[in-house]
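Step one of this worksheet: look at the structure below.
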Amino acid sequence: MKRLSALLLLACFALPGHAAPAEPAANRPITHEDVYLAQRPGAPQPSPDGRWIVFPLAEPNYDHEKRSGDLWIVPADGSAPPRRLTATRDPEGSVAWSPDSTRLAFTAKREGDAERQVYVLDLAAGGEAQRVTDLAAGANHPVWRPDGRALLVTTFAYAGSADEDANRKAIEERNARKFNTRVYEEFPIRYWDRWLDEQRPMPVVQPLDGGAPRYLLGGTQLFDGRGYGGVLASEGAGESLQAVWTPDGSGVVFIATDHRHEGARTTVTQTLWLVPAGGGEPRRLTDRDASWSNPAFSADGRHLYAKFTPVTRHVYNHTRLGRLAWDTNAKPEVLTAGDRRSVSDFALAPDGSRAYFTAEHEGLVRLYTVTPGGPVGELGSLEAGTYTSLRIGGNGAGVIAAVWESAINPPEVMQVDTASGERRALTTFNTERAAAIDWLPAEHFWFTSSRGRRIHSMLVKPPGFDPAKKYPLFVLIHGGPHTMMGDQFITRWNYHLLARPGYVVLAPNYSGSTGFGEAFAQAIQGDPLAGPGRELNEAADAAIRAFPFIDASRQAAGGASYGGHLANWLAVSTTRYRALVSHAGLFDLRSQWTTSDVVYHRERNMGGPVWERPAAWREQSPLYRAERLKTPILVTFGERDFRVPINNALEFWTILKRQDVPSRLVVFPEENHWILRGENSREFYREVHTWLERYLQ
């Protein structure tokens with residue numbers, strides 16, 4: 001239940017000043033509690049009038065059932081500290097301000113709800129939030145109609161369900177079945193950690209006057225087609241359509257695919273669609289030659305902005321920011337054409353003067369600005385850390401809100417000045433704890449590889465660092481491969497927690513990494529393991545030459561996902577490391593290709609299917625070099641991982657025992673691709689530290 005009314009909330013903000021910060025405790029080594037219990041603010045949402053910022057705050061707990069998350073609110077100018085807006089056990093999500101900045105819509109699962117529904121809290125009138133949807137399959141992603149009298153939401157429906165009554169009946173019939181099967185005729189069948197079912201995302205208009213919900217795609221060829229689907233998300237976040245209203249409220253623009261069923265043999269793209277607000281067959285707005293996402297209209301309604309990633313012969317391509325002149329047949333305009341940065345989040349200035357976006361760049365995630373037809377420029381000059389969850393509200397140039405973090409600064413909500421780019425912290429949830437930790441900022445380290453490529457790494461020193469001492473080296477390998485080791489506060493492979501026993505951690509951004517130009521990320525195609533593996537070894541050699549405090553006789557390496565793939569490759573290609581750690585790593589390219597939840601890009605990366613290019617699939621598959629296995633290796637896996645299924649662990653484990661290699665297998669039955677539960681995470685770090693200590697100390 002809500003414990004704080006909106007009127008009381010506003011009265012609280014009238015209190016003068018901030019509480020005085022506590023004196024920092026004496027510096028101490030980082031602990032698992034420092035990492036796992038760090039509070040995690042989500043995407044901040046500035047109000048349309050620019051006065052307030054609302055954000056969700058996740059509060060972790062080692063008891064998985066006691067995790068919580070509530071909504072908080074803070075003045076956009078930082079004139080008062082943030083205050084808790086809700087106090088419920090189940091976390092709220094998908095926050096959306098009404099056009100007049102007086103109401104909040106969000107999703108929640110309250111007492112009596114079988115599924116998550118949409119609630120509306122009237123900040124002006126106060127009182128409890130009111131449930132406004134009652135959909136059999138739940139409701140998510142609320143978006144206010146421009147007149148504030150209806151919400152656009154997303155539910156899930158079975159093919160052939162033209163309205164809520166038909167869908168409710170279909171759900172009831174399936175729940176009443178006395179057997180339990182999963183039956184498929186199309187690909188894919190799984191995603192990350194869940195089996196896909198027959199339900200599909202349906203955009204729904206929910207009037208706020210008590211009227212019946214309206215299914216916008218009910219009975220359409222698109223919705224009932226074999227290949228229809230929305231944007232799949234990881235970690236139980238479901239599937240979305242990223243739907244938005246047209247400026248006049250007469251229609252809805254959304255993201256969907258109509259050929260997901262071809263995913264085993266082609267690149268599936270998401271395109272922009274337009275459906276009338278009264279429902280009907282939607283019209284496709286963009287071609288299949290690119291995947292589109294995150295549509296947003298300019299304030300004047302003349303342009304539709306969205307991100308897009310072109311389909312080319314390369315597996316990886318940068319994401320661009322484009323815009324379409326609304327309701328015309330003109331080709332999309334690319335606003336970031338020629339820029340070497342890939343767009344992450346973006347937001348539009350309320351006055352239409354420019355767009356802001358974040359992008360990875362050489363170990364940081366910076367904030368940029370671009371005007372239509374003009375060049376891209378950085379807003380300010382970021383010296384450390386990463387920006388995520390970029391949002392904007394207000395008038396004129398707007399009020400920018402984002403989450404900022406670094407390797408020694410857990411995430412906090414920031415307000416960013418639109419002129420200077422200077423950031424101001426609006427929250428300090430983790431500041432006191434962070435100030436008590438003995439840690440040093442991550443250092444940027446570069447070298448030139450034997451292939452002539454400039455390779456960037458992050459270097460982290462242990463607590464109590466003494467440059468006169470010698471420290472073992474742990475080479476941390478990122479996943480992806482199209483991701484980046486950056487200056488950020490990581491929970492699953494925290495640099496400083498890994499370094500705590502007295503190790504120097506080196507995190508290289510090998511070929512294939514993002515943030516260093518499109519060509520650099522594409523360079524891994526056709527060379528998935530051998531080339532990056534050499535660069536990891538060369539990065540270690542370069543660090544040993546550059547930093548005399550690294551003990552060359554004591555080296556180890558490890559990583560997760562693609563980092564686990566590379567750890568397994570190092571196991572069969574070098575004996576330089578005393579020990580290795582592999583989480584969610586493949587051992588045979590072929591079996592990973594045929595059992596993963598996403599497959600076609602793996603085939604493209606190797607130049608064709610295994611029966612057409614058997615040599616290519618064999619030459620960089622660790623399985624066929626198993627006679628070289630000698631390095632002790634810790635193998636860990638989540639049993640519910642469908643991205644890198646556990647058959648990889650079983651194959652690898654069998655061969656390690658066949659070759660009598662010192663090894664240890666740790667399986668987490670409750671976990672998926674990542675180790676997310678608190679006590680499991682603590683145990684994972686304990687296993688890693690114990691394994692490394694056995695061979696490095």
Between R500 (side chain only) and P462 (backbone N and O only), is there a donor and an acceptor less than 3.5 Å apart? no
Any side-chain to backbone donor/acceptor pair from R433 onto F429? Under 3.5 Å, distance only. no
Could you give the distance from CZ (R554) to CG (L696), rounded to the nearest 0.5 Å? 7.0 Å
Among residues at least two apart in sequence or on other chains, which ones pass ring pair (Phe, Tyr, Trp, His ring centres under 6.0 Å) with F447? none
Donor-acceptor pair, side chain of Q45 and main chain of F55, under 3.5 angstrom: no
Are any side-chain N or O atoms of N568 and backbone N or O atoms of L586, one a donor and one an acceptor, separated by less than 3.5 Å? yes
Side chains of T319 and T309 only: does a donor on one sit below 3.5 Å from an acceptor on the other? yes
When you measure from the side chain of E405 to the backbone N and O of Q488, does any donor-acceptor pair fall under 3.5 Å? no
Atom of N494, atom of Y685 and distance for their closest heavy-atom approach: N-OH, 2.8 Å
Intermediate values then yes/no, side chain to side chain donor-acceptor pair (under 3.5 Å), N672 and D193: CA-CA 6 Å; N672 54 28; D193 61 354; 2.7 Å; yes
Between N605 and Q525, does the side chain to side chain contact (heavy atoms under 4.5 Å, CB included) criterion hold? Intermediate values first, please. CA-CA 5 Å; N605 195 46; Q525 191 157 335; 3.5 Å; yes
Could you check whether any side-chain N or O of D438 sits under 3.5 Å from a backbone N or O of N27, counting only pairs where one atom can act as donor and the other as acceptor? no
I need the minimum non-hydrogen distance between D34 and P29, along with the two atoms involved. OD2-O, 4.2 Å
How far apart are the C-alpha atoms of K461 and D466, what are their side-chain angles, what is the distance that settles it, and do they pass the salt bridge (Lys or Arg N to Asp or Glu O under 4.0 Å) test? CA-CA 9 Å; K461 298 169 182 174; D466 182 350; over 6 Å; no
Please determine whether the number of non-hydrogen atoms from other residues, nucleotides or ligands lying under 6.0 Å from atom NZ of K470 exceeds 12. yes
Pi-cation contact, W404 with R423 (under 6.0 Å, within 45°): yes
Side chain to side chain contact (heavy atoms under 4.5 Å, CB included) between I255 and T271, intermediate numbers included: CA-CA 6 Å; I255 300 290; T271 54; over 6 Å; no
Just so I know, are the side chains of P622 and L529 near enough to count as touching, which here means a heavy-atom distance under 4.5 Å? yes
Indicate the atoms forming the closest heavy-atom contact of R391 with P44, along with that distance. CG-O, 2.9 Å
Over all heavy atoms of both residues, which pair between M485 and I477 is shortest? Give the atoms and the distance, please. CE-C, 3.9 Å
When you compare the side chains of H32 and S681, does any donor N or O come within less than 3.5 Å of an acceptor on the partner? yes
Using distance alone, with no hydrogens and no angle criterion, decide if S511 and E535 have a side-chain donor and acceptor under 3.5 Å apart. yes
Relative to Y191, does R643 satisfy both conditions: NZ or CZ under 6.0 angstrom from the six-membered ring centre, and within 45 degrees of the ring's axis? yes
Check each of F637, W493, F684, W192 against W674 using the ring pair (Phe, Tyr, Trp, His ring centres under 6.0 Å) test, and report the only one that passes. W192
Ring pair (Phe, Tyr, Trp, His ring centres under 6.0 Å) involving W569 - partner list, sequence neighbours excluded: none
Could you please spell out the steps behind the salt bridge (Lys or Arg N to Asp or Glu O under 4.0 Å) verdict for R534 and D541? CA-CA 11 Å; R534 284 194 300 272; D541 289 336; over 6 Å; no
Would you indicate whether E619, at its atom CD, is surrounded by more than 12 heavy atoms from other residues, nucleotides or ligands within a distance under 6.0 Å? yes
Stepwise side chain to side chain contact (heavy atoms under 4.5 Å, CB included) test for V416 and L367: CA-CA 10 Å; V416 184; L367 178 57; 3.8 Å; yes
In terms of the angle between their ring planes, are Y305 and H303 parallel, tilted or perpendicular, with boundaries placed at 30° and 60°? perpendicular
T286 vs F308, test: side chain to side chain contact (heavy atoms under 4.5 Å, CB included). Steps then yes/no. CA-CA 10 Å; T286 55; F308 73 95; over 6 Å; no
Kindly determine whether T427 and E412 satisfy side chain to side chain donor-acceptor pair (under 3.5 Å), including the steps that lead there. CA-CA 6 Å; T427 67; E412 301 287 355; 2.5 Å; yes
Report the C-alpha separation of E518 and R320 in whole Å, then their side-chain angles, then the decisive distance to 0.1 Å, and conclude whether the salt bridge (Lys or Arg N to Asp or Glu O under 4.0 Å) test is met. CA-CA 11 Å; E518 190 171 47; R320 280 82 166 165; 2.9 Å; yes
S561 versus H673, side-chain donor and acceptor atoms under 3.5 Å: yes
To check you understand the geometry: which heavy-atom pair defines the closest contact between V581 and W691, and what is its length? CG2-CD1, 4.2 Å
Any salt bridge between K307 and D345, counting N to O under 4.0 Å? no
Under 30°, 30 to 60°, or over 60°: which ring-plane class applies to H361 and Y368, parallel, tilted or perpendicular? perpendicular
Between T336 and D339, do the side chains contain a donor N or O and an acceptor N or O under 3.5 Å apart? no
Do you know which two heavy atoms are closest between V311 and R288, and how far apart they sit? CG2-O, 4.2 Å
With a 3.5 Å cut-off and no angle check, do the side chains of R576 and Q555 form a donor-acceptor pair? yes
L272: which of P295, S293, P332 passes side-chain contact (heavy atoms from CB on, under 4.5 Å): P295
Under the criterion ring-ring contact (aromatic ring centres under 6.0 Å, His included), I'd like the reasoning laid out for H456 against F516: C-alpha separation, chi angles, the key distance, then a yes or no. CA-CA 9 Å; H456 168 270; F516 304 90; 5.4 Å; yes
Going by distance alone, is a donor N or O of one side chain under 3.5 Å from an acceptor N or O of the other, for S596 and R602? yes
Ring geometry between H478 and Y510 (parallel below 30°, tilted from 30 to 60°, perpendicular above 60°): parallel
Between S389 (side chain only) and G42 (backbone N and O only), is there a donor and an acceptor less than 3.5 Å apart? no
Using distance alone, with no hydrogens and no angle criterion, decide if E360 and T514 have a side-chain donor and acceptor under 3.5 Å apart. yes
Y577/Y695 aromatic ring centres below 6.0 Å: no
Quiz item: cation-pi between R492 and F489, 6.0 Å / 45°: no
Check: T636 main-chain N/O paired with H583 side-chain donor or acceptor under 3.5 Å: yes
Does any N or O in the side chain of S449 come within less than 3.5 Å of the main-chain N or O of R453, such that one atom is a donor and the other an acceptor? yes
Please check this pair: side chain of D487 against backbone of G385, looking for a donor-acceptor N/O pair closer than 3.5 Å. yes
Name the atoms and distances for all side-chain donor-acceptor pairs under 3.5 Å in residues 371-382, with sequence neighbours left out.
residue : atom : partner : partner atom : Å
E378    : OE2  : R366    : NH1          : 3.2
E378    : OE2  : L382    : N            : 2.9
S381    : OG   : E383    : OE2          : 3.4

